[in-house]
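What follows is a set of notes on a single structure, which appears directly below.
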Amino acid sequence: MRRVSRLFLIACAVFQIGCGAAATTSSSSTPLPAAGVIVSVSPSLANVRAGDTQQFTVIVTGTSNKTVNWTVNGVAGGNATVGTLNSSGLYSSPAALPSPATVTIIAASAADSSAKSSSTITLLNPIPVLASINPSSFATGAFNLTVTGSKFTSGAKVLFAGAPLNTSFVSSNQLTVSGTASFAGTFAIMVSNPDPGSSVSGAVNVTVGSGGGNPPVACAAMSLGQGASVNGFLPFPADNAWNQDISGAAPDPNSAAIINFIGANIAIHPDFGVGQFSGQSIGIPYVVVGAQQAPVDINFTAFGSESDAGPMPVPPDAPIEGFPNPGNGDRHVLVLDNSNCWLYELYSSFPAAGGSWNAGSSAVWDLLADENRPFTWTSADAAGLPIFPGLARYDEAASGQIKHALRFTLQSSRAAFVPPASHWASNSSNALAPPMGMRLRLKSSFNIAPYSALNQTILKALKQYGMIMADNGSSMYLSGAPDDRWDNNDLHLLGNLHASDFEVILMNPIYTASNVPQGAAPVIATFTANPSTTTAGSSGTLSWNSSGASYSIITPQIGAVRGASVTVAPAQTTTYTLAATNQFGRTTASVTVTVH
């Protein structure tokens, strides 16, 4: 990222104004400024939300009297309608927007009132704060809710899984809404204030029950498309390592030494943003698909024995990391299925014939469960971890709350891993080189107040959930998804953080080649087809009885499955293979359906 700086030649502009005034006749009613007295105010333009403040700085030259008199829209010191300005230049915006929603502040020299400078303030609606929903759980069908919080404005809308509801404004602290829930599950409620300065609150979840107990509908809240909002859906259960609050966890006794090995002065680099760098998008993209996306075959080119077989619902135009010119990088592809609640991730991905994909490795993740890769197995990431749950995404950063750890990389790592990681990719024998899965936490003493609201959300997450080392790469590079709404200059300010601002969370256990856990792979007692002989296109059922599996996949045609049976309709004689996997390995069984 490049920081763009601009030089405003204020003094030159003021000089030109002074020259124009010198040509005015002595009969002018406007007094001339004293020679050499110049006033300048910065910033010259500002956006301020209702109820917020903005500090202005004034410089007076040409006189020893540095005092200025402030006015807001011509009112000395301002008032409750247009905002107030104290003698130190601190502007406090009004609680409600005036019409028009712009004001002008002027600083005039006390030594010569004709020497002055101004700034234009555009006033924006506040960012709404959502506190609670009543009721917080209800059945499918029509519903009515009362939404409480603060900073609601007239025209605010309540969003249910990203869709606006019929909303009535009661007060700045309360809204009432009505709507219809078609599906059971957990859904995010947010409040959106209108323009000027439209903004969205953080999310509060509500539970919609139908009695059917069909868990995948929890993912239905996710919108479809590349970089789509997941509308508050949180991958994996609350007790999953990615979602654990580690703000109170003990630091590792070797924390200081490890930080020094990494390089205490190495700056954080947000490896995501808007636009392109060297012809490539900045960040790791993802796409959300639904039931309409057919599964396709995955052909492995490198780590097939440690990969999850297809088919997977990967669109032919799925964005590849580094698009539109992916080059020879990691070429990750991340796909979320909002109809079945699975996450599919590919490494070194290339589109192939017939809609299939070639990949160096792949991993399937059940978004509703605590899944671990088999110990010593990779995933689409070197640490054997999922990638998507560790990305900083604009939609959640803008909501004001990131509820999970973030992914980051370091240049050096050793042959060891810390759960939830399952794999190492060592390039250092130094005992202080970090293991994969090591978690860093931003120190609680780090002052986040100077940063923007968006950056503060990221920094709060680094204090509460930390960041997990997932791959070898540039040190202290923080992962996120590309989005046209990021502000690269603002994100660049995160570079003021250094490794020394972090501490290593206690690592226990640390697994190496000498103590990798051993255990039993899943057991498949039966895997049958009924009928086992059929005609082309006729439906049949595959059934299985297994134990000890974290997740299961059936190839070909089916893919990741839950439960103990699935319907198939083969067009020709087909041998189906069930692969059941847990942290200790994989077990397979096959059955053939003969088609006459």
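For clarity, every value in this text was computed on a predicted model and none was experimentally measured.
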Could you label the plane-to-plane angle of the Y347 and H332 rings as parallel, tilted or perpendicular, counting under 30° as parallel and over 60° as perpendicular? tilted

Are the side chains of F169 and L175 in touch, meaning some heavy atoms are under 4.5 Å apart? yes

Before you tell me yes or no, could you show the steps for F272 and W486 under ring pair (Phe, Tyr, Trp, His ring centres under 6.0 Å), namely the whole-Å CA-CA distance, both residues' side-chain angles and the distance that decides it to 0.1 Å? CA-CA 9 Å; F272 55 94; W486 290 120; 5.0 Å; yes

side-chain hydrogen bond (donor to acceptor under 3.5 Å, both in side chains) between N193 and T153, worked out: CA-CA 6 Å; N193 274 347; T153 62; 3.2 Å; yes

Charged N to carboxylate O below 4.0 Å: is that the case for R407 and D381? yes

So that I know where these two stand, are H404 and Y465 an aromatic pair - ring centroids less than 6.0 Å apart? no

What orientation do W70 and F56 show, parallel under 30°, tilted 30 to 60°, or perpendicular over 60°? tilted

Aromatic ring pairing Y451/F446, orientation class (parallel under 30°, perpendicular over 60°, tilted between): tilted

Would a 4.5 Å heavy-atom cut-off, applied to side chains only, mark S92 and T53 as touching? yes

Kindly determine whether S413 and N472 satisfy side-chain hydrogen bond (donor to acceptor under 3.5 Å, both in side chains), including the steps that lead there. CA-CA 7 Å; S413 67; N472 296 322; 2.8 Å; yes

Please tell me whether N231 and S223 have a donor and an acceptor in their side chains that are separated by less than 3.5 angstrom. yes

Under the criterion side-chain hydrogen bond (donor to acceptor under 3.5 Å, both in side chains), I'd like the reasoning laid out for S150 against N173: C-alpha separation, chi angles, the key distance, then a yes or no. CA-CA 4 Å; S150 61; N173 299 312; 5.2 Å; no

Any donor-acceptor pair under 3.5 Å linking the side-chain atoms of S132 with those of T148? yes

Under the 6.0 Å and 45° cation-pi test, does R441 pair with F502? no

